[in-house]
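Per chain, numbering begins at 1; letters A, B, ... match sequence-line order.
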Amino acid sequence: MSTLILEGLSKNYGEVEALIGVDLNVGDGEFIVLVGPSGCGKSTLLRCIAGLEKQSAGDIRIDDRSITGVQTRDRNVAMVFQSYALFPHLTVAENIAFGLRIRRTDKSVIEERVAHAAGLLGLGELTGRYPRELSGGQRQRVAMGRAIVRDPVLFLFDEPLSNLDAKLRVQMRTEMKALRQRLGITSIYVTHDQDEAMTLADRIVVMNNGRIEQIGTPMELYDAPVNLFVAGFMGSPPMNFIELHRKGGNSGAQLETASGQPVPLPERGLSPGVRSVVLGVRPEGLRIDDGGPLKGTVEVVEPKGSETQVFVRLDDLHLLCVTAGKRATFQPGDPVGIAFDATESHLFDTDSGQKITTEKGTAA
Amino acid sequence: MDDRYVILVGRWVVLTLGVFWSAFPIFMVVSSSFKTHLDIFAVPPKFIFQPTFDNYVLLFREWPQFLDGLVNSMIITVGATVLTAITSLLAGYAYSRFHSRLLTLSAFFMILVRMLPPIVVTIPLFPAVNAMGLSDTHAILILLYAAFFVSLATWILKTFIDQIPRELEEAAEVEGSSVWQRLVRVVLPLSVHGMVAACVFVVVFAWNEYVFALIFTSNEAKTAPLILAEISGAIEGVQWGILFAAASVQLLPILAFVLLVQKFIVTGITAGAVKG
Ligand SMILES: Nc1ncnc2c1ncn2[C@@H]1O[C@H](COP(=O)(O)OP(=O)(O)O)[C@@H](O)[C@H]1O
Ligand SMILES: [Mg+2]
């Protein structure tokens with residue numbers, strides 16, 4: 001059981017800045033999921049925590065003791081690699097027992113713990129097999145077994161499910177969640193799959209270009225993204241963005257789309273200098289309503305079973321995704337109006353991408 | 001005629017000739033060692049004869065030093081092989097995992113030295129070896145034979161270690177192992193094929209070597225090939241039966257060894273050509 005603190009963590013590979021001033025506090029037993037596009041520094045962050053890379057600046061503390069000078073093998077963290085990194089010359093049981101053997105644990109203790117871990121992961125029958133004789137899902141479990149068998153202070157997972165096919169991934173995700181509730185060990189879990197992130201995380205950390213964009217619970221990130229990047233990254237289908245320009249004088253300003261459709265928004269205390277903003281609304285915040293202020297044409301209709309996604313062409317630049325009811329009967333080519341809920345919309349600064357806030361708090 | 005058929009037949013003819021070419025002398029030596037003096041020189045050669053063990057009995061009665069020579073050869077071969085295996089595993093690991101100008105330079109130097117005729121590099125060592133009291137010891141031949149093969153063995157092992165994913169070692173490191181534990185528990189077992197392939201060269205060379213053994217030993221550390229030469233050069237005339245018996249004893253262990261590890265040799269030599 002332990003806490004983890006990252007303070008101003010930076011890592012350069014020559015010219016490449018893989019991590020830039022990362023600050024993060026992870027509470028005891030907390031399950032943190034790190035998401036972000038490929039190359040944003042997720043693996044680098046894990047490798048720095050494990051000690052496989054040495055950070056260029058900043059500090060890493062476990063239970064409030066700096067581990068910056070501590071060698072990887074003495075950090076007592078466990079890591080599950082994307083490739084699983086199982087030892088091909090060792091059986092399942094030997095793979096799981098590897099760390100215990102290195103620590104010269106009692107033979108009887110090893111046997112007992114390996115049997116327990118194998119049982120927990122449904123590997124009971126397979127302990128005598130070699131990795132090459134296992135399926136992808138089984139290998140993944142062995143890698144998990146190797147991590148959980150020896151009471152690490154911290155779990156690090158680097159996209160552990162990304163090599164599995166979609167169906168197995170969903171199944172393993174559920175198992176992961178059960179396991180995580182059972183073990184309750186402080187964990188950092190990297191994924192680029194935001195469904196995985198939403199399902200598993202106590203808190204999600206969104207990274208981009210080596211920096212943390214936002215930290216929060218899944219619902220916080222979904223409901224109150226602090227910038228365009230987070231807003232666009234979390235949620236599937238993604239949030240709709242509409243660029244709006246200010247027309248007329250500074251007071252009583254009117255916002256309208258590029259094609260000149262006026263968009264009525266309640267007074268938000270937009271600072272007078274702002275000429276353009278980005279309006280963000282999730283598909284479920286939009287409604288097809290002929291009285292709505294935005295006019296467009298239905299382009300694609302995708303029934304999803306429980307709901308229907310309707311894609312509406314607003315103008316050359318904007319194709320909006322609208323969540324409609326289960327039995328929606330729109331046809332491509334239908335002219336429709338779109339209404340949106342002001343309470344579910346977000347405004348972002350076009351240049352900085354940051355959320356625009358007013359005196360009353362968050363806009364929208 | 002079908003081209004493929006010609007190639008197939010041609011291949012078999014070449015293979016048969018090759019096997020015959022290399023196996024026939026061995027067959028003659030071994031079969032002659034079980035023949036009486038008369039049978040050995042019978043013309044045409046006898047392929048069916050009454051086998052006798054007299055030559056072997058005579059060999060160990062009249063040349064007891066041959067047994068000492070075999071023991072010396074065994075010690076030196078095993079010593080040189082183990083030394084080569086250890087040093088080339090370490091060097092191969094270093095060349096595979098670390099990169100620096102100094103390492104590149106040393107690799108170049110190692111190959112350069114190997115290009116020179118061994119005798120040219122070795123003879124000047126003689127006074128130094130004498131001064132250190134190493135002449136006529138097992139140690140000097142072990143060192144020499146290992147030195148001849150570390151470059152080749154290192155190269156073979158580097159190729160093997162290059163193919164072991166780094167993540168395996170990183171996983172072992174996270175699991176708590178030191179660099180030595182990783183070498184022994186991960187790198188060594190995964191490069192054992194390369195190790196055996198590299199060792200075959202040393203074993204065969206060390207077991208058969210004559211010139212350096214002649215230069216650097218005089219009495220205590222004499223190897224089997226030296227005694228074999230003495231048998232064939234005995235003043236009272238060559239006893240061919242004994243010579244064939246000695247040659248057979250000298251030949252068989254190495255033959256058995258090579259046949260035993262042939263599977264490893266093939267994968268070892270082709271490593272790097274195909275990604276495994
Ligand atoms: N060993 C390395 N040498 C040089 N650049 C690296 C190295 N490892 C990672 N990088 C760079 O650092 C950045 C972050 O990489 P990584 O942490 O692997 O991203 P992610 O895991 O989020 O996909 C990338 O731009 C990558 O090219
Ligand atoms: Mg990665």
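- Looking at A:L100, neither its backbone nor its side chain comes within 4.5 Å of chain B, counting heavy atoms on both sides.
- Closest non-hydrogen pair, B:L190 versus A:P88, comes out as CD2-CG, 3.7 Å.
- At most 12 heavy atoms of other shown residues, nucleotides or ligands fall within 6.0 angstrom of atom CE in B:M74.
- Closest approach of A:I102 to B:G176, counting heavy atoms only: CG2-O, 3.2 Å.
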Which donor-acceptor pairs fall under 3.5 Å between chain A and chain B:
unit_1 : atom_1 : unit_2 : atom_2 : d
A:R47  : NH1    : B:E170 : OE1    : 2.8
A:R47  : NH1    : B:E170 : OE2    : 3.4
A:R47  : NH2    : B:E170 : OE2    : 2.8
A:S83  : OG     : B:E167 : OE1    : 2.1
A:H89  : NE2    : B:R185 : O      : 2.7
A:R103 : NH1    : B:E175 : O      : 2.6
A:R150 : NE     : B:E175 : OE1    : 3.0
A:R150 : NH2    : B:V174 : O      : 3.3
A:R150 : NH2    : B:E175 : OE2    : 3.1

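- Remark: A:K177 NZ is packed, more than 12 non-hydrogen atoms of other residues, nucleotides or ligands lying under 6.0 Å away.
- Around CD of A:E133, the count of heavy atoms belonging to other residues, nucleotides or ligands within 6.0 Å exceeds 12.
- Around CD of A:Q181, the count of heavy atoms belonging to other residues, nucleotides or ligands within 6.0 Å exceeds 12.
- The neighbour count for B:L102 CG, taken as heavy atoms of other residues, nucleotides or ligands under 6.0 Å away, does not exceed 12.
- One distance of note links CZ of A:F81 with CG of B:L168; it measures 9.0 Å at 0.5 Å rounding.
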